[in-house]
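Below: the structure, in structure tokens.
Whatever order the structure lists them in is the order used to number ligands and atoms, beginning at 1. Everything numeric in this text was worked out from a predicted model, so none of it was measured.
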Amino acid sequence: MDKCPLESAKMLILDNLADVTLDLQSRHDVQTCTSWRAPIIWEGMFNPHHYDQMHKMKGSSVVLTVFAVGRYLEAYLEAFLMSSEHYFMLGLPVSYYVFTDRPENVPNIELGPRRLLKVIEVEKYSRWQDISMMRMKIISDTIESDIRHHYTHVFCFDVDQVFTGRFGPEALGDSVALLHAGYYRSPKELRTYDRNPKSKAYMETGDFYYHAAVFGGTWENVKSLTDSCYKDIMEDKLNNVEALWHDESHLNKYFWLHKPSRILSPEYCWTTNLGYRRDIQVFRLMWASKYYDTLRTS
Ligand code: 5GW
Ligand code: MN
């Protein structure tokens with residue numbers, strides 16, 4: 001159903017208000033805006049209260065998708081969800097969509113008001129690269145059959161991480177990408193884009209190197225991103241190629257062709273393996289430890 005003109009005008013004004021209150025000058029040590037005028041969100045640039053109020057008024061509601069297949073379920077899911085209850089989009093309606101091969105083993109977490117958890121069974125692919133890449137297809141299907149009818153925004157997360165600080169509605173936008181902690185200060189030639197011309201993910205150069213551990217946007221945009229990445233992954237399979245960093249390579253290609261409208265600084269996904277830095281003023285989400293030797297054998 002179309003929105004009435006008054007509603008549409010209100011939305012437009014509210015969207016613009018959001019950006020007027022962002023202070024791009026408040027951080028001189030980092031890049032706060034892209035060449036296509038999308039803000040890059042760093043601590044100190046925004047008034048948290050403003051975003052909380054604005055998204056409440058707009059009626060924003062968020063789905064967080066997360067996959068916990070095989071041993072990743074016991075290793076990470078509980079800590080991820082418990083920490084998310086403390087920091088992720090507090091004040092807005094949030095639904096967790098947990099995709100797993102063993103629904104009965106999903107931990108029972110006590111959720112805050114207007115927060116729900118839905119468990120969806122998926123098969124366990126034998127190759128880990130496929131677990132990672134099939135997320136695109138499954139997210140797209142779930143948006144189409146369910147999410148689009150009930151929520152405004154979708155955020156997709158890796159499970160091997162823990163929230164340690166506010167991850168609030170300032171992160172919501174039409175199309176949201178995250179700067180990879182390992183590359184946000186790297187020159188273009190050191191970024192690990194897929195440089196194989198046979199792959200659909202091939203790119204010569206890019207704007208930034210984005211991390212596939214967090215991406216989001218309106219359901220419309222996340223649907224289009226996941227559809228496009230899945231299509232390219234399948235085309236690569238037909239041609240017997242696999243992109244260097246799997247779904248992340250395809251995600252980077254997508255955001256090169258379809259610029260994100262909002263970018264999250266590495267404060268939104270950091271690892272102390274990279275140490276402590278003056279420009280990372282707050283840790284909002286941290287990588288959990290990797291147990292490759294035990295988790296990646298199946
Ligand atoms: C297992 C072995 C190797 C790579 C991935 C997996 C794996 C990933 C798995 O067995 N089960 C699973 O649920 N996943 C999902 O895919 C998790 O949500 C995980 O966070 C995501 C991406 O895989 P990661 O986190 O191992 O990838 P990187 O790029 O963070 O190393
Ligand atoms: Mn991960």
Which is closest to atom 26 (O) of ligand 1 by heavy-atom distance: Y125, F99, F157, Y72?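 When every heavy atom of Y125, F99, F157, Y72 is considered, Y72 comes closest to atom 26 (O) of ligand 1.
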
If we ignore hydrogens and angles and just use 3.5 Å, is the side chain of R284 paired with the main-chain N or O of R166 as donor and acceptor?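 Yes: the side chain of R284 pairs with the backbone of R166.
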
Donor-acceptor contact present, side-chain T100 to main-chain P103, <3.5 Å: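 Checking the backbone N and O of P103 against the side chain of T100, no donor-acceptor pair under 3.5 Å is found.
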
Sequence neighbours left out, what passes side chain to side chain donor-acceptor pair (under 3.5 Å) with Y183? Give chain and number order.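 By the side chain to side chain donor-acceptor pair (under 3.5 Å) rule, Y183 matches no residue at all.
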
So which bit of K290 gets within less than 4.0 Å of ligand 1, heavy atoms only: side chain, backbone, both or neither?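 For K290, only side-chain atoms sit under 4.0 Å from ligand 1.
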
Proximity to ligand 1 by part of R71, non-hydrogen separation under 4.0 Å: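 The answer is neither; R71 stays 4.0 Å or more away.
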
Any atoms of ligand 1 less than 4.0 Å from a non-hydrogen atom of [X]? List them with their elements.
| X | result |
| --- | --- |
| V159 | 17 (C), 18 (O), 20 (O) |
| D160 | 20 (O), 25 (O), 30 (O) |
| A68 | 13 (O) |

Kindly indicate, with the supporting measurements, whether the criterion ring pair (Phe, Tyr, Trp, His ring centres under 6.0 Å) is fulfilled by F215 and Y210. CA-CA 9 Å; F215 59 90; Y210 303 114; over 10 Å; no

Does any N or O of ligand 1 fall below 3.5 Å from an N or O anywhere on F67, backbone included?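 Yes; at least one N/O pair falls below 3.5 Å.
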
Under 3.5 Å between any N/O of V66 and any N/O of ligand 1: does that happen in this structure?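 N/O-N/O distance under 3.5 Å: no.
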
Between the side chains of D227 and S140, is a donor N or O closer than 3.5 angstrom to an acceptor N or O?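 Present: a donor and an acceptor within the cut-off.
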
Write down the atom of H211, the atom of E248, and the distance for their closest heavy-atom approach.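 In terms of heavy atoms, the two residues are closest at CD2-OE2, 3.2 Å.
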
So which N/O/S atom does D158 have closest to the Mn ion (ligand 2)?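 Nearest to the Mn ion (ligand 2) within D158's N, O and S set: OD2.
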
As a test of understanding, state which of V66, V94, L172 forms a side-chain contact (heavy atoms from CB on, under 4.5 Å) with F155.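 Result: among V66, V94, L172, L172 is the only option passing the side-chain contact (heavy atoms from CB on, under 4.5 Å) with F155.
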
Under 4.0 Å, counting heavy atoms only: does Q129 come that close to any atom of ligand 1?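 No; Q129 lies far enough from ligand 1 that no heavy-atom distance drops under 4.0 Å.
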
